[in-house]
Amino acid sequence: MSGLNASLGYFVAVVIFAASVRTLLRKWPRFSFISEFASSLMLVACWLEVQTIVEVGQWAGALGPDVAVTMLFGLLLTHGVICGAASGNPSLVLQKFLQLEASTLPTLLAITAQFAGAHLALLAAVYYWKLELTDMHMIKNLMAAECSSSLLVSVLQGFFTEFVCAFILHLIYLNLQRRSALIRVPLIAVLLTFFTHTARGYTSAYINPSLAYGLTFHCPGSTLTQYAVVYWLGPLIGMTLALLLYMGHIPRFFAKNLLYFQKTRFRVPKGDKAEKKKK
């Protein structure tokens, strides 16, 4: 239980940091991209600890797969509640850009902040493992230099996995974006947990370029180009196709609806009808 207590304490500390940043930035909406930094840091830092439980928790801390799945769902649920609109996901930021809901500069700043948060989260997690508070973290510290890649299949299979998962996720997200957060956040958390657990033997279905960067890009086994094709290009194409299917066009590039025919109805004013009858 000491390993679980240490992990929970780590989660609480990271969540408090992200919540504090979000609260402070409410007074300065111009610096909202920093919220994306805190959101990405929280997601990556906590997910790295969940990954630790998956890799060594079962035989170093008596923590089974059920604990890892439960903690992952709790992380995603808490992240959705605490961070709100700050998704920590470059794909969702690009989606808003393509929907004309964000301009170029804020989009670039948000994506840069997300990758910076992911990188800092990795450094923070490595420092935390070096403290070796439990046997689980001592083993993880020894394994940190030779971590296991999440890409366990070929590049083509990995690309297809991330593409399909991203397509389904973004299509559901687009349909839920007008719904209450009480419905949207739990459903997205359940969906992401399901994808990650199901695709563990393939790519782990991160569906988040900055999350994948923090979790697996530093691990040996694949080149940077291979990782980029699977974890960056796959989700990007999946998101674009989902947006095209949902809206019928990409607003940033096409003003005309390319997929769906929209009928226009013209109403004749009553005054015009009266004049026609008199004639």
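Please read all numbers here as calculations on a predicted model, not as lab measurements.
Checked by atom type and distance alone, the side chain of Ser204 never pairs as donor or acceptor with a backbone atom of Ser150 at under 3.5 Å. The main-chain N or O of Leu236 is found under 3.5 Å from a side-chain atom of Thr240 such that the two form a donor-acceptor pair. Between the side chain of Ser39 and the backbone N or O of Cys83, no donor-acceptor pair lies under 3.5 Å. Looking at Thr23, its side chain does come within 3.5 Å of a backbone N or O of Ala19 through a donor-acceptor pair. A donor-acceptor contact shorter than 3.5 Å is absent between the side chain of Gln114 and the backbone of Phe37. No donor-acceptor pair under 3.5 Å is formed between the side chain of Arg179 and the backbone N or O of Arg184.
In terms of the side chain to side chain donor-acceptor pair (under 3.5 Å) criterion, residue partners of Gln157 (sequence neighbours excluded) are, by chain and number, Ser154. Under the side chain to side chain donor-acceptor pair (under 3.5 Å) criterion, Thr78 pairs with no residue, sequence neighbours left out. Residues passing the ring-ring contact (aromatic ring centres under 6.0 Å, His included) test with Tyr10, sequence neighbours excluded: Tyr128.
Exactly one of Phe217, Phe163, Tyr227 qualifies for a ring pair (Phe, Tyr, Trp, His ring centres under 6.0 Å) with Trp232. That residue is Phe217.
Side-chain contact between Val56 and His137: absent, with no pair of heavy atoms (C-beta onward) separated by less than 4.5 Å. Residues Leu76 and Leu43 are in side-chain contact: their nearest non-hydrogen atoms beyond the backbone lie under 4.5 Å apart. Side chains of Leu151 and Val153 form a contact here, defined as non-hydrogen atoms less than 4.5 Å apart. By the 4.5 Å heavy-atom criterion applied to side chains, Trp129 and Met136 are not counted as neighbours. Using a 4.5 Å heavy-atom threshold, the side chains of Phe97 and Pro106 count as separate. Ser210 places none of its side-chain heavy atoms less than 4.5 Å from the side chain of His119. Using a 4.5 Å heavy-atom cutoff, the side chains of Gln177 and Gln99 are in contact.
A chain of hydrophobic side-chain contacts below 4.5 Å, direct or via other Ile, Leu, Val, Met, Phe, Trp or Tyr residues, connects Val164 to Leu241.
In Arg252, the CZ atom is crowded: over 12 heavy atoms of neighbouring residues, nucleotides or ligands sit closer than 6.0 Å. Within a 6.0 Å radius of OH in Tyr202, other residues, nucleotides and ligands contribute 12 heavy atoms or fewer. Heavy-atom contacts from other residues, nucleotides or ligands closer than 6.0 Å to CZ of Phe115 number more than 12.
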